[in-house]
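Values below: all heavy atoms of this structure, side chains included; hydrogens, waters and symmetry mates excluded.
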Amino acid sequence: MGKFYFDEFQDQVDEVLIRHRSILDILTKIQESSGRVNRAVAKSVTDCGCIQVNSQKQSIPKDISYSELKEHMSDHVDGYLCGVCKEKIEEEICASIFYITGLCNSFNLNLDDMLEKHASKIDMLGKYGLL
Ligand SMILES: [Zn+2]
């Protein structure tokens, strides 16, 4: 398992997250930024049109193994993000990660440690098809 790289980012967030340092501001900023990610994706469909969402019931053949399942599951996205939409969505995701990191800092939770532990858990659950 490779080492994640969040220690530096976590220190950086600690230095600059001053105005919204209260846990209440952080929690509501997480919610707001998450909404902005959703909004940016929606605007890529409805405003820009570089992607389309074509959703329907997932069609899964019977008697396939769990490892074959991924080949039959669709993300329901057609097209590709244009440069402008990609940049906007990246920006909003990063803002969301910023406040998540601020939440970790409030409780002295180390993101590197957390993600490494979680990656092991994902590995194990993935093998048993529990994700
Ligand atoms: Zn676009």
Non-hydrogen side-chain atoms of I23 and F107 separated by less than 4.5 Å: yes
- request: Taking the side chain as every heavy atom from C-beta outward, state whether E116 and D112 have any pair of such atoms under 4.5 Å apart.
  value: no
query: How far does NZ of K88 sit from CD1 of I93, to the nearest 0.5 angstrom?
result: 12.0 Å
statement: Residues pairing under salt bridge (Lys or Arg N to Asp or Glu O under 4.0 Å) where one sits in residues 40-54, two or more places apart or in two chains, turn out to be K43-D47
- request: Verify the neighbour count for atom CD of Q56: are there more than 12 heavy atoms of other residues, nucleotides or ligands below 6.0 Å?
  value: yes
query: How would you list, by chain and number, every residue that makes a salt bridge (Lys or Arg N to Asp or Glu O under 4.0 Å) with E91, sequence neighbours excluded?
result: none
message: Looking at S96 and E92, would you say the former's side chain and the latter's main chain have a donor-acceptor pair under 3.5 Å?
response: no
- prompt: Could you give all pairs that pass the side-chain hydrogen bond (donor to acceptor under 3.5 Å, both in side chains) test and reach residues 69-80, with sequence neighbours left out?
  reply: N54-D78
statement: The single option from L24, I18, L17 that satisfies side chain to side chain contact (heavy atoms under 4.5 Å, CB included) with H20 is L17
- prompt: Can you check whether N110 reaches F6 side chain to side chain, under 4.5 Å on heavy atoms?
  reply: no
field: Full working for side chain to side chain contact (heavy atoms under 4.5 Å, CB included) between V13 and Y99
entry: CA-CA 8 Å; V13 170; Y99 289 109; over 6 Å; no
- prompt: Got a second to check how far S22's OG is from L27's CG, nearest 0.5 Å?
  reply: 8.0 Å
statement: Of all heavy-atom pairs linking I89 and A40, the shortest is CG1-CB, 3.8 Å
- request: Using a cut-off of 6.0 Å, state whether more than 12 heavy atoms not belonging to Q52 lie near its atom CD.
  value: yes
- prompt: Regarding S65 and E68, is there a side-chain donor-to-acceptor distance under 3.5 Å anywhere?
  reply: yes
query: Are V37 and V84 in one and the same hydrophobic cluster, where Ile, Leu, Val, Met, Phe, Trp and Tyr link if side-chain heavy atoms are under 4.5 Å apart?
result: no
statement: Rounding to 0.5 Å, atoms CZ (R39) and OG (S34) come to a distance of 14.0 Å
message: Side chains of S44 and L81, heavy atoms from C-beta outward: is any pair under 4.5 Å?
response: yes
- prompt: Say you draw a straight line from SG of C104 to CD1 of I97; how long is it, rounded to the nearest 0.5 Å?
  reply: 11.0 Å
- prompt: Is it true that E32 and R36 have a side-chain N and a carboxylate O under 4.0 angstrom from each other?
  reply: no
query: If every non-hydrogen atom of N105 is compared with every non-hydrogen atom of Q10, which pair is closest and at what distance?
result: OD1-CG, 2.8 Å
